[in-house]
Structures are given as C-alpha cells and as structure tokens.
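In what follows, a single structure is set out as structure tokens and then discussed.
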Amino acid sequence: MAPVIGFAGYSGSGKTTLLEHLIPLLKSQGLRIGLVKHSHHNIDPDKPGKDSYRLRHAGCNQTLLATKERHMLYFEYPEPEREEPQLDECLSQLDHSQLDLILVEGFRDQPIAKIEVHRPSYGKPLFYPNDKNIIAFASDQPAPEGCQLPYLDLNTPQSIADFIIQWLKPCG
C-alpha cells in the first residue's frame with residue numbers, strides 16, 4: 001500500500017488550496033500522487049444528458065467511464081440510511097501499484113499520519129492536543145506556545161512539500 005498522509009482542519013482553513021499547491025510540487029519530485037477527499041455534500045461531477053450520466057442513472061451500481069486520458073469510476077449507494085464513507089474502503093479502491101503517495105483531505109478522525117492546517121483568525125480549536133496522529137502543524141501564524149510538532153508555514157508550500165518528502169523516506 002502506498003503511504004498515506006492526511007490534512008486535518010476545519011472548513012475554510014485552506015486544506016484544498018494547500019493541496020492544490022502541494023500536488024505539483026510533489027509531482028515535480030517524480031512522485032505519483034493519489035488523492036482521497038471526503039465531502040459532506042451530495043456531488044455529481046457527471047453532466048446531465050451525457051451518455052455516461054444517462055446510463056448511470058438508468059440504475060447501475062458501478063459505472064466506469066473510460067477514455068485514453070482517464071477513467072472515472074462511480075459507485076452508487078441507494079441505501080438512504082447509509083453511513084459516511086470509510087477511509088479504508090476508499091483507499092482499497094485505488095490502484096496502489098501506480099502510486100507513491102496518497103493525500104487525504106477530510107477523514108480527520110482516522111488514525112493516519114496528518115498535518116494539521118490551522119488559521120488562528122478563525123477561532124477554531126486545535127486538533128493536535130487530542131490527536132497523536134498529527135505529525136506537523138501548518139498555519140499562517142506561529143505555532144501555539146508549547147507545540148512540540150514541526151511548524152510548517154502555510155504561505156510556503158515548498159517547505160511543506162519538503163517536509164512530506166522527508167517524511168516519506170522511512171516509508172519507502
């Protein structure tokens with residue numbers, strides 16, 4: 001299985017923006033990157049009227065749309081009382097033989113290595129005091145007094161990419 005590192009933070013803290021900057025930096029180091037993002041919203045990235053949309057909505061439980069550029073796999077879960085997705089289930093759906101690193105946004109309560117993304121100006125509580133899986137603290141302000149974790153500047157994505165590359169060395 002490819003190494004997995006998560007990004008934990010409240011909505012609006014900058015996780016997606018950080019990942020948007022990190023992914024090209026990590027790819028420039030030759031890493032093949034996978035991503036799992038959890039959302040609480042109902043999403044439908046397919047376009048109404050397109051063949052794949054029509055066939056998927058005809059009742060398929062799984063639909064794989066394949067082109068030479070990409071494959072998109074849809075899983076339909078019609079049970080109205082279905083629980084939130086489980087990270088292990090999502091990770092098992094990826095082809096780990098094609099990946100060097102998997103980035104996870106969301107799933108902040110899962111027992112995986114995580115970087116906390118925190119903006120003090122939002123007034124939200126910290127995760128790291130209660131989560132032993134947080135391995136670094138990323139913020140746009142200095143780390144809180146007494147924080148023993150490595151501090152990563154959110155405004156310097158290259159330093160965060162460098163931290164991840166160093167973290168990966170013992171993994172691979």
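Position 1 is the first residue of the sequence; numbering continues from there. Small disclaimer: the values here were computed from a predicted structure and weren't measured.
The salt bridge (charged side-chain N to carboxylate O under 4.0 Å, His left out) contacts involving residues 6-21 comprise nothing, where partners must be two or more places apart or lie in separate chains. Screening residues 2-29 for ring pair (Phe, Tyr, Trp, His ring centres under 6.0 Å) gives Y10-F127 as the qualifying pairs, with residues at least two apart or on separate chains.
Residues forming a side-chain contact (heavy atoms from CB on, under 4.5 Å) with Q158 (at least two apart in sequence, or on another chain): L25, A161, D162. For N133, the side-chain contact (heavy atoms from CB on, under 4.5 Å) partners are P111, K114, D131, not counting sequence neighbours.
Atom CD of E89 sits in a crowded spot, with more than 12 heavy atoms from other residues, nucleotides or ligands closer than 6.0 Å.
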- Message: Walk me through whether W167 and L101 qualify under side chain to side chain contact (heavy atoms under 4.5 Å, CB included).
- Response: CA-CA 11 Å; W167 173 81; L101 174 64; 4.1 Å; yes

- Message: Quick one, T16 with K37, criterion side chain to side chain contact (heavy atoms under 4.5 Å, CB included). Give me CA distance, side-chain angles, the key distance, then yes/no.
- Response: CA-CA 9 Å; T16 301; K37 177 176 174 44; 3.9 Å; yes

- Test log, rule side chain to side chain contact (heavy atoms under 4.5 Å, CB included), inputs D100 and I33: CA-CA 6 Å; D100 300 307; I33 306 296; over 6 Å; no

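Panel note: side chain E116, backbone Y128; a donor-acceptor pair is recorded below 3.5 Å. For the pair T17 (side chain) and G14 (backbone), a donor-acceptor distance under 3.5 Å is absent.
Side-chain heavy atoms closer than 4.5 Å link hydrophobic residues (I, L, V, M, F, W, Y) into clusters, and following such links, even through other members, never connects L154 to Y151. Linking Ile, Leu, Val, Met, Phe, Trp and Tyr whenever their side-chain heavy atoms come within less than 4.5 Å leaves L126 and V117 in two separate clusters. L152 and Y122 are members of different hydrophobic clusters when ILVMFWY side chains are connected at heavy-atom separations under 4.5 Å.
The other members of the hydrophobic cluster of V36, by chain and number, are M1, V4, L87, L91, L94, L99, I102, V104, F107, I112 (side-chain heavy atoms under 4.5 Å, ILVMFWY only).
Using a 4.5 Å heavy-atom threshold, the side chains of I164 and L22 count as touching.
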Contacts table for residues 134-149: side-chain donor-acceptor under 3.5 angstrom, sequence neighbours left out:
residue	atom	partner	partner atom	Å
S139	OG	H118	O	2.8
S139	OG	Q141	N	3.1
S139	OG	Q141	O	3.3
D140	OD2	R119	NH1	3.0
Q148	NE2	G146	O	3.3

